[in-house]
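For reference, the structure discussed in these notes is given below.
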Protein chains: 2
Amino acid sequence: MACEEAFFKKLRERGFRLTPQREMVLSVLHQIGDFATAEQIHDKVHALSSSVDISTVYRTLDLFEDFRMVSCVERGDGQRVYELLGMHGPHLHLVCSGCGSVMGAELDLARPLAVCLREDYGFEVDVNRLHIPGFCHECQPVSGEAATVEKR
Amino acid sequence: MACEEAFFKKLRERGFRLTPQREMVLSVLHQIGDFATAEQIHDKVHALSSSVDISTVYRTLDLFEDFRMVSCVERGDGQRVYELLGMHGPHLHLVCSGCGSVMGAELDLARPLAVCLREDYGFEVDVNRLHIPGFCHECQPVSGEAATVEKR
DNA sequence: CTTGTTATTGCCATTATGTGCAGTTACTAT
DNA sequence: ATAGTAACTGCACATAATGGCAATAACAAG
């Protein structure tokens with residue numbers, strides 16, 4: 001695939017190396033095509049080559065994130081999920097605190113806020129990494145008040 | 001302090017109990033008056049009563065968060081810091097990916113975005129929990145391009 | 001004050017993720 | 001093709017945070 005070639009080239013240009021592990025992680029991400037945990041990714045990579053360690057998967061995902069190839073969102077439960085960017089391109093992540101689902105949203109919606117924060121606070125927002133907590137349509141909090149605390 | 005009394009009352013109304021551990025955590029948060037990690041908080045609580053376990057501190061902070069007494073932000077390094085709300089009231093958190101500092105910002109700035117997301121996506125943003133990654137004034141990324149990946 | 005109920009705690013095991021290091025291997029230049 | 005160099009990996013271990021559970025203790029009612 002052309003986009004992968006381009007990525008591999010960019011890797012090498014910056015002094016990184018193209019290893020089988022990195023190829024496999026990328027391929028698995030492609031195959032999954034959706035959000036996946038590091039462990040799910042590792043499972044699939046492990047099926048291809050059983051000696052690949054999960055720490056390598058983590059490091060690879062970090063690298064891909066630096067390269068804006070994948071983005072990572074913290075799901076409601078204490079686990080992170082990784083998504084291959086690419087065709088969809090970068091977008092906002094709406095993370096539902098109720099069901100843990102992650103929805104993509106138009107990135108430009110955050111632009112005005114970014115401008116405000118730059119002008120008023122000198123803060124340069126990294127919109128790519130912005131993820132927004134709240135409740136999706138199905139999980140709307142009961143009544144108008146959010147400050148209701150439930151007993152476990 | 002009046003605000004603490006009010007909180008304790010609210011606790012009891014909802015069937016929670018007022019324990020010395022919870023009092024101590026609250027008092028320590030007050031004393032610190034700034035962002036602190038769970039471990040920093042635990043250290044200070046431990047000085048007051050040496051048998052208090054760190055898991056209790058975590059659970060207490062979670063509870064306080066549910067009650068909107070504290071808010072928690074994920075700092076750049078993989079650690080979370082907790083802040084006592086109260087006088088400052090809720091606000092946006094601007095988290096610098098460079099130095100890890102956390103800056104407060106006017107909460108209303110996020111309102112227009114929240115409205116968009118509600119109308120276009122049926123997503124109810126939890127502005128209290130919104131924290132925004134980027135770079136503070138001191139840590140502005142070099143040149144205009146953010147996609148530069150450095151070798152470790 | 002005594003007693004009963006059950007939220008809470010401390011302890012310890014477990015999970016998810018990150019790190020240090022020595023051996024391995026992708027790439028570069030000969 | 002060969003050798004040199006430094007990025008990368010696998011392993012073992014470190015760390016932050018969470019969960020299970022029996023013992024404890026806060027609160028309500030008598």
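A, B, ... follow the sequence lines: proteins, then strands. Residue 1 opens every chain. Just so you know, these numbers use all the heavy atoms, side chains as well, and skip hydrogens, waters and symmetry mates.
- When L84(B), T60(B), D34(B), L85(B) are each tested for a side-chain contact (heavy atoms from CB on, under 4.5 Å) with L29(B), only one passes: L84(B).
- Distances shorter than 4.0 Å separate none of the side-chain N or O atoms of R59(B) from OP1 or OP2 on dT18(D).
- For the pair R17(A) CZ and dA26(C) P, the interatomic distance rounds to 9 Å; values are reported in whole Å.
- For Q21(B) and dG10(C), the shortest distance from a side-chain N or O to OP1 or OP2 is below 4.0 Å.
- For the residue pair H93(B)/E83(B), the side-chain donor-acceptor check at 3.5 Å is satisfied.
- Between H42(A) atom NE2 and dG10(D) atom P there is a gap of 8 Å when expressed in whole angstrom units.
- Across all strands, I54(B) comes closer than 4.0 Å to no nucleic acid atom at all (heavy-atom distances).
- When the nucleotides dC11(C), dG10(D), dC8(D) are ranked by their closest atom to the side chain of S55(B), dC11(C) comes out on top.
- Here the P atom of nucleotide dG18(C) and the CG atom of D53(A) are 13 Å apart, to the nearest Å.
- E74(A) places its CD atom 10 Å from the P atom of dA17(D), with the value rounded to the nearest Å.
- Taking 4.5 Å as the limit, some side-chain heavy atom of L109(B) sits within range of a side-chain heavy atom of Y121(A).
- Heavy-atom nearest nucleotides on DNA chain D were determined for P20(B) and for Y82(B), and the one closer to the 5' end corresponds to Y82(B).
- In the hydrophobic clustering of ILVMFWY residues, with side-chain heavy atoms under 4.5 Å counting as a link, Y58(A) and V81(A) come out apart.
- Both T19(B) and L18(A) lie near DNA chain D, and the one whose nearest nucleotide falls closer to the 5' end is L18(A).
- Nucleic acid contact for T37(B): none, since no nucleic acid atom lies under 4.0 Å from a heavy atom of the residue.
- Side-chain contact between K10(A) and F16(A) is absent, with no heavy-atom pair separated by less than 4.5 Å.
- Between R17(B) and R22(B), the closest heavy-atom pair is O-NH1, 2.6 Å.
- Under 4.0 angstrom from either OP1 or OP2 of dG18(C) there lies no side-chain N or O belonging to Y58(A).
- Between the CE atom of M24(A) and the C1' atom of dC8(D) there is a distance of 13 Å, rounded to whole Å.
- Close placement of the F64(B) and F7(B) rings is indicated, their centers lying within 6.0 Å of each other.
- Between R12(A) and dC27(C), a side-chain N or O to OP1/OP2 separation shorter than 4.0 Å is present.
- Rounded to 10 degrees, the angle between the two end axes of the helix from dC1(C)-dG30(D) to dT30(C)-dA1(D) is 30°, with five pairs used at each end.
- Residue R80(A) places at least one side-chain N or O under 4.0 Å from the OP1 or OP2 atom of dG18(C).
- Phosphate proximity of dT8(C) to R22(B): present, with a side-chain N or O under 4.0 Å from OP1 or OP2.
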